[in-house]
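Beneath this line is the structure, given in structure tokens, with notes to follow.
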Amino acid sequence: MALKKYVIVTGAAGFIGSHLCDRLLADGHKVVGVDCFTDYYDRRIKEANLAPAIANHRFQFVEADLLAANLAPLLDGAGLIYHIAGQPGVRGSWGHQFDLYTRNNILATQRVLEAALACGRLPVVYAASSSAYGNLSTMPLHEDMAPAPVSPYGVTKLAAEHLCRLYAEVHDLPTIALRLFTVYGPRQRPDMAFQRFLTAQRRDQEITIYGDGTQTRDFTYVGDVVRAFLLAGAASQVRSSAGMVFNVAGGSRVTVNDVLAQIGHITGHRPHVRYLPAQPGDVRDTWADTVRAEAVLGFSASMPLADGLAEQWRHIVGNEV
Ligand code: NAD
Ligand code: UGA
């Protein structure tokens, strides 16, 4: 049932945020999307992500930086915040870029939480990251394991996740953090593996693999991620699970080399691959224990990897300019 109050989506022009907006609008909600179009990748890609939502009369877009905007009037009349905005990308988070990660992941989240508190304890569902875990020796990764991120990005995502828990515990703010595991599908960011691999295939270019390709990921289709957000954001859920962290993963853990084989099949020709050294900050493996999300949120992923990859390929082929 659509909420009378509107729903806020931060990071609305990004990969995950734009899909969430589309689904909320399709379900009849009124949505306010906020994004400042960071220059991490081409603004035109983000504008294209937003286009379906912009065409809907129940959508309002606010171009604003969460660190600069006056959030109080923006949140007035809202019933829920999906806080998706952030500075993503594991491998680029070293060196001087760390400033951006601190700003858009930690400081922006703290500002959103303060504003949510001041606005009558508005519930917040946060896009946390599997990168919080790092290279733990036990698999699958369970939410109660002690996190030990191996990238500066992971450190900032974990810090923001802790802020969400802290505001729930100390200030009674209803927050939930979803640790998303490598999300893929149409509109995937241009720096991410599948988008790079499929685009290279389309242009008959070489694909670069970091490491020997035996690293694994529990890849998660964006439609499944959106469903997890909706379940977590349900009014009774976000209050009864306040302060909790959930793994949200696809249940199709594979090696990067397995993905290449599937890409060859989907695109109809074998990829030309070059292997480079593994990148600092990349975890070796991810594999989620999803029992908590199943038991508490009623979430389980449904998109098989081969079908999701084919969807992403069709989107790339169908949106060439
Ligand atoms: P994305 O870069 O496509 O989207 C993020 C959006 O946030 C961008 O459009 C950017 O302009 C906006 N933004 C950043 N800082 C902002 C600020 N200060 N004010 C307003 N807008 C701001 O990235 P994505 O892949 O869609 O990821 C979305 C979120 O999910 C991020 O927080 C990321 O850390 C998290 N996450 C992503 C994945 C994944 O696999 N894509 C996995 C785990 C967690
Ligand atoms: C992804 C997102 O980029 C992060 O924002 C997110 O927080 C993280 O998932 C998460 O799960 O929390 P990553 O797993 O590195 O990070 O996702 P991809 O960029 O799709 O990379 C997957 C694997 O492919 C990695 O091992 C990477 O090294 C490899 N890769 C990537 C290549 O071999 N070549 C490339 O050109 C790109």
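Atoms within a ligand are numbered from 1 in the order they appear, just like the ligands themselves.
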Inset, instruction - Using distance alone, decide if ligand 1 has a nitrogen or oxygen within less than 3.5 Å of any nitrogen or oxygen in Gln87. - result: no

Legend entry - Minimum-distance protein heavy atom relative to atom 41 (N) of ligand 1: Arg189 NH1, 3.3 Å

Legend entry - Polar proximity ligand 1 side, Thr182 side, N/O cut 3.5 Å exclusive: no

Inset, instruction - Using atom types as modelled and distance alone, determine if a side-chain donor or acceptor of Gln188 lies under 3.5 Å from a backbone N or O of Gln312. - result: no

Inset, instruction - Looking only at distances, please establish whether an N/O atom of ligand 1 is found under 3.5 Å from an N/O atom of Ile84. - result: yes

Inset, instruction - Return the residue, atom name and 0.1 Å-rounded distance of the protein heavy atom closest to atom 25 (C) of ligand 2. - result: Arg217 NH2, 3.5 Å

Inset, instruction - Measure the distance from atom 2 (O) of ligand 1 to every protein heavy atom, then report the residue, atom name and distance (to 0.1 Å) of the closest one. - result: Pro88 CG, 3.4 Å

Legend entry - For atom 14 (C) of ligand 1, closest protein heavy-atom neighbour: Gly86 O, 3.3 Å

Inset, instruction - Could you check Arg43 against Glu63 for salt bridge (charged side-chain N to carboxylate O under 4.0 Å, His left out), going step by step and ending with a plain yes or no? - result: CA-CA 12 Å; Arg43 180 183 175 120; Glu63 182 171 347; 3.1 Å; yes

Legend entry - Nearest-neighbour protein heavy atom for atom 6 (C) of ligand 2, which is reported as residue plus atom name and distance: Tyr153 OH, 3.6 Å

Legend entry - Lys30 to Phe59, cation-pi by 6.0 Å centre distance and 45° axis angle: no

Inset, instruction - Could you check atom 27 (O) of ligand 1 against the protein and tell me its nearest heavy-atom contact, residue, atom and distance included? - result: Ile16 CD1, 3.9 Å

Legend entry - Val90, portion touching ligand 2 at heavy-atom distance under 4.0 Å: side chain

Inset, instruction - Decide whether the shortest distance between a heavy atom of Gln195 and an atom of ligand 2 is less than 4.0 Å. - result: no

Legend entry - Part of Thr38 with heavy atoms under 4.0 Å of ligand 1, whether side chain, backbone, both or neither: both

Legend entry - Region of Ser130 that comes within reach of ligand 1 [heavy atoms, distance under 4.0 Å]: neither

Legend entry - Heavy atom of Phe37, distance to ligand 1 below 4.0 Å: yes

Inset, instruction - Please state which part of Met192 comes within less than 4.0 Å of ligand 1, counting heavy atoms only: side chain, backbone, both or neither. - result: side chain

Legend entry - Heavy atom of the protein closest to atom 23 (C) of ligand 2 (residue, atom name, distance): Val256 CG2, 3.9 Å

Inset, instruction - Give a yes/no on ligand 1: does Ala12 have at least one heavy atom closer than 4.0 angstrom to it? - result: no

Inset, instruction - Apply side chain to side chain donor-acceptor pair (under 3.5 Å) to Tyr40 and Lys46, showing your working. - result: CA-CA 11 Å; Tyr40 184 58; Lys46 297 185 185 185; over 6 Å; no

Legend entry - Phe181 near ligand 1 by a heavy-atom separation under 4.0 Å: no

Inset, instruction - Give the residue, atom name and distance (to 0.1 Å) of the protein heavy atom nearest atom 29 (C) of ligand 2. - result: Gln215 NE2, 4.0 Å

Legend entry - Nearest option to atom 19 (O) of ligand 2, as decided by whichever heavy atom of Gln87, Arg91, Gln188 sits closest: Arg91

Legend entry - Partner of Thr286 by side chain to side chain contact (heavy atoms under 4.5 Å, CB included), out of Arg179, Arg217, Arg253: Arg217

Inset, instruction - Considering the heavy atoms of Asp65, write down every atom of ligand 1 situated less than 4.0 Å from one of them. - result: 17 (C), 18 (N), 19 (N)

Inset, instruction - Please report which non-hydrogen protein atom sits nearest to atom 3 (O) of ligand 1, along with the residue it belongs to and the distance in Å to one decimal place. - result: Tyr41 OH, 2.5 Å

Legend entry - 4.0 Å heavy-atom contact, Phe197 with ligand 2: yes

Inset, instruction - May I ask you to check whether Lys157 has an N/O atom sitting below 3.5 Å from an N/O atom of ligand 1? - result: yes

Legend entry - N/O separation below 3.5 Å, Leu180 to ligand 1: no

Inset, instruction - Using distance alone, decide if ligand 1 has a nitrogen or oxygen within less than 3.5 Å of any nitrogen or oxygen in Ala128. - result: no

Inset, instruction - Mind telling me whether Phe194 and Phe219 have parallel, tilted or perpendicular rings, with 30° and 60° as the class edges? - result: tilted

Legend entry - Distance from atom 1 (C) of ligand 2 to nearest protein heavy atom, with residue and atom: Met192 CE, 3.7 Å

Legend entry - Nearest neighbour in protein (non-hydrogen) for atom 30 (N) of ligand 2: Tyr210 CD1, 3.7 Å

Legend entry - Criterion salt bridge (charged side-chain N to carboxylate O under 4.0 Å, His left out) on Lys5 and Asp76, from CA distance to verdict: CA-CA 10 Å; Lys5 294 185 163 188; Asp76 187 33; over 6 Å; no

Legend entry - Close approach of Arg189 to ligand 2, heavy atoms, under 4.0 angstrom: yes

Inset, instruction - Please state whether Arg196 comes within less than 4.0 angstrom of ligand 2, counting heavy atoms only. - result: yes

Legend entry - Nearest non-hydrogen protein atom, atom 30 (O) of ligand 1: Ala127 CB, 3.6 Å

Legend entry - is_close_aromatic(Phe37, Phe61), centroid dist under 6.0 Å: yes

Inset, instruction - Can you pull out the closest protein heavy atom to atom 20 (O) of ligand 2? Residue, atom name and distance to 0.1 Å, please. - result: Ala193 N, 3.0 Å

Legend entry - Polar contact flag for Val183 and ligand 1 (N/O pairs, less than 3.5 Å): yes

Inset, instruction - Over 60° means perpendicular and under 30° means parallel, so classify the ring planes of Tyr153 and Tyr101, tilted if in between. - result: perpendicular

Inset, instruction - Return yes or no for this condition: an N or O of Asn105 is under 3.5 Å from an N or O of ligand 1. - result: no

Legend entry - Heteroatom proximity flag, Gly17 to ligand 1, N/O under 3.5 Å: no

